[in-house]
Protein chains: 2
Amino acid sequence: MTIPAHTTPSPIASNVTSLAEHRLLHEEVIDHLRDLIVTGELLPEAKLNERVLAERLGTSRTPLREAIKFLASEGLVELVPNRGAVVAPLKPEKMREVFVVLGALEALAGEQACRNASEADIADIRALHYHMLAHHARGELAQYFRYNQLIHQSILDCAGNATLVQTWRGLNAHVKRARYMANLSRERWDKAVKEHEDMLDALTRRDGTKLQALLRDHLANKLALVMEALGSGAVAEGAR
Amino acid sequence: MTIPAHTTPSPIASNVTSLAEHRLLHEEVIDHLRDLIVTGELLPEAKLNERVLAERLGTSRTPLREAIKFLASEGLVELVPNRGAVVAPLKPEKMREVFVVLGALEALAGEQACRNASEADIADIRALHYHMLAHHARGELAQYFRYNQLIHQSILDCAGNATLVQTWRGLNAHVKRARYMANLSRERWDKAVKEHEDMLDALTRRDGTKLQALLRDHLANKLALVMEALGSGAVAEGAR
DNA sequence: AATGTGCATTTTGCATACAAAAATGGGTTG
DNA sequence: CAACCCATTTTTGTATGCAAAATGCACATT
């Protein structure tokens with residue numbers, strides 16, 4: 001029933017920190033609502049009843065509606081005129097699209113990262129990598145995901161392109177959402193880890209072309225994984 | 001004082017048509033406000049006074065605030081806690097970032113378009129191309145831009161990836177905004193047209209690799225153009 | 001039984017009201 | 001003359017009110 005911490009306190013790369021003081025309500029609501037959607041607590045196609053949701057989030061309808069508009073622009077919710085909003089459906093076709101675009105973005109990021117990353121940046125990523133390996137070895141899926149995400153995000157950060165990061169983040173939310181629904185076979189999991197090894201290797205050697213290709217493949221494999229899950233009707237098994 | 005029609009009635013590629021009936025107020029406001037920002041009628045860093053803007057757009061503050069949140073997610077406005085929103089500044093660094101990402105997206109689109117486009121699609125793009133040439137010959141800049149945008153959008157559409165289109169659209173708004181501020185030398189203009197010739201050629205031959213490279217170069221040149229304009233202090237000369 | 005039809009309820013969309021925070025400005029003091 | 005302080009005004013952030021649209025449901029009709 002508790003909500004996983006997904007606000008990514010990101011050990012490295014804290015670019016958009018700032019607001020220390022008491023955050024604004026509608027901003028809180030944006031993050032809270034996004035979290036509910038990404039973690040699958042609000043299932044795809046679920047209707048967002050304003051009165052009910054506002055009460056659940058402890059606000060009035062106004063900040064909630066503003067948050068919904070924000071998330072609509074991110075693509076996580078869909079606005080239906082005069083009928084409010086629904087959680088964006090999780091269609092296989094949409095997933096395919098998102099992964100294709102993410103592939104291009106991560107490939108770009110990988111290339112740039114090989115150019116721009118400092119040795120310290122790479123060391124940080126290596127550290128994250130070993131954390132991830134540890135969690136993989138212990139079969140701790142949630143923590144594995146966490147570090148996996150942090151690694152990808154760090155590579156993005158190293159590209160030195162905040163716009164790229166922001167764009168990626170928006171699309172990645174969809175992936176995270178699918179992740180929560182897909183079960184990971186040990187076989188696929190091992191494969192993914194192996195791919196990460198290769199990626200770290202390419203980054204260390206600053207072989208941008210190689211890293212680009214690896215990231216594309218990695219994303220393609222993730223897609224295949226998600227498609228399996230979606231195809232097998234495991235779509236609606238997200239929460240609770 | 002009148003506002004240029006920027007809602008792109010798009011001769012070809014009308015994918016997201018639907019709502020025939022009376023659109024919702026906050027949606028109107030989103031488009032109207034985006035237009036004001038993209039055309040430079042609202043200059044970068046301009047403060048968005050809710051009371052004034054609401055009056056100007058003929059609504060109350062509620063739909064306006066919802067629109068602002070939506071556009072904030074697109075990156076066209078920035079939210080400052082307890083101090084409202086401002087039109088996103090138009091920094092050279094941001095432009096560089098946007099063009100790099102757009103380059104990757106358009107390259108991806110070009111590659112996919114060479115695979116997926118029907119002959120009819122290509123014929124349509126060719127038609128747009130000739131329209132553009134005509135306007136170029138007559139020195140009609142605004143109409144040239146219009147068809148230029150339509151061509152790029154059509155290539156995107158041909159990629160058959162709605163998410164790609166949506167992502168591109170959001171970033172492209174920033175470019176459009178810069179466009180309205182940059183003056184185009186005849187020399188650069190001719191060069192851009194020549195590049196479009198090559199692009200059409202590659203698309204016709206379905207040479208995805210070539211088109212990809214051309215699009216990347218084309219975007220890089222556009223960036224150089226915008227940077228000139230921004231660098232020469234012509235930033236604040238948008239409107240009025 | 002299936003399909004309309006009209007009324008009651010719910011829900012959305014927009015406007016307004018109110019409270020808290022920030023800007024403004026004028027006067028005082030060092 | 002500049003810097004600071006405090007009261008006033010303005011502006012933002014949130015909650016609430018109200019009208020229009022949608023939904024649900026009982027009942028009538030074929």
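What separates CD1 of A:Ile68 from P of C:dG13 is a distance of 9 Å, to the nearest Å. Remark: P of D:dG13 and CD1 of A:Ile30 are 12 Å apart, rounded to the nearest angstrom. Rounded to an integer number of Å, the gap from CG of A:Leu64 to P of C:dT11 is 14 Å. Going from atom CD of B:Glu55 over to atom P of C:dA15 covers 13 Å, rounded to whole Å. Residue B:Arg61 contributes atom CZ, which lies 8 Å from atom P of D:dG13 at whole-angstrom precision. The nearest whole Å value for the distance from the CZ atom in B:Arg23 to the P atom in C:dC14 is 11 Å. Between the CG atom of B:Leu25 and the C1' atom of D:dA20 there is a distance of 13 Å, rounded to whole Å. Look at CG on A:Asn82: it is 13 Å from C1' on D:dT23, rounded to the nearest Å.
Residues passing the salt bridge (Lys or Arg N to Asp or Glu O under 4.0 Å) test with B:Glu66 are A:Arg65, A:Lys69, sequence neighbours excluded.
The shortest distance between the side-chain N/O atoms of B:His26 and the OP1/OP2 oxygens of C:dG13 is not below 4.0 Å. Distances shown here put every side-chain N or O of A:Arg65 at or beyond 4.0 Å from the OP1 or OP2 atom of C:dT12.
DNA chain C lies under 4.0 Å from at least one heavy atom of each of the following residues of residues 45-54 of chain A: A:Lys47, A:Leu48, A:Asn49, A:Glu50, A:Arg51.
Salt-bridge annotation for B:Lys222 and B:Glu106: absent, with no side-chain N of the basic residue lying under 4.0 Å from a carboxylate O of the acidic one.
Of the candidate nucleotides D:dA21, C:dT16, D:dT14, D:dT14 has the atom nearest to the side chain of A:Pro63. Comparing C:dC14, D:dA15, D:dA22 against the side chain of A:Ser60 picks out D:dA15 as the nearest. Side-chain proximity of A:Thr59 to the nucleotides D:dC18, D:dA15, D:dA21 is greatest for D:dA15.
You'll find a donor-acceptor pair under 3.5 Å spanning the side chain of B:Thr62 and the base of C:dT16, going by distance alone. Residue side chain B:Arg83 does not reach the base of D:dG13 through any donor-acceptor N/O pair under 3.5 Å, judged by distance alone.
Side-chain contact check for A:Ser118 and A:Asp121: at least one donor-acceptor pair (N or O, by modelled atom type) lies under 3.5 Å.
With contacts defined as side-chain heavy-atom distances shorter than 4.5 Å, the pair B:Leu128/B:Ser154 qualifies. Side-chain contact between B:Phe145 and B:Lys176 is absent, with no heavy-atom pair separated by less than 4.5 Å.
Across every non-hydrogen atom of B:Gly160 and A:Arg96, the tightest pair is O-NH2, 3.5 Å.
By the 6.0 Å contact criterion, CD on A:Glu93 is enclosed, its count of non-hydrogen atoms from other residues, nucleotides or ligands being greater than 12.
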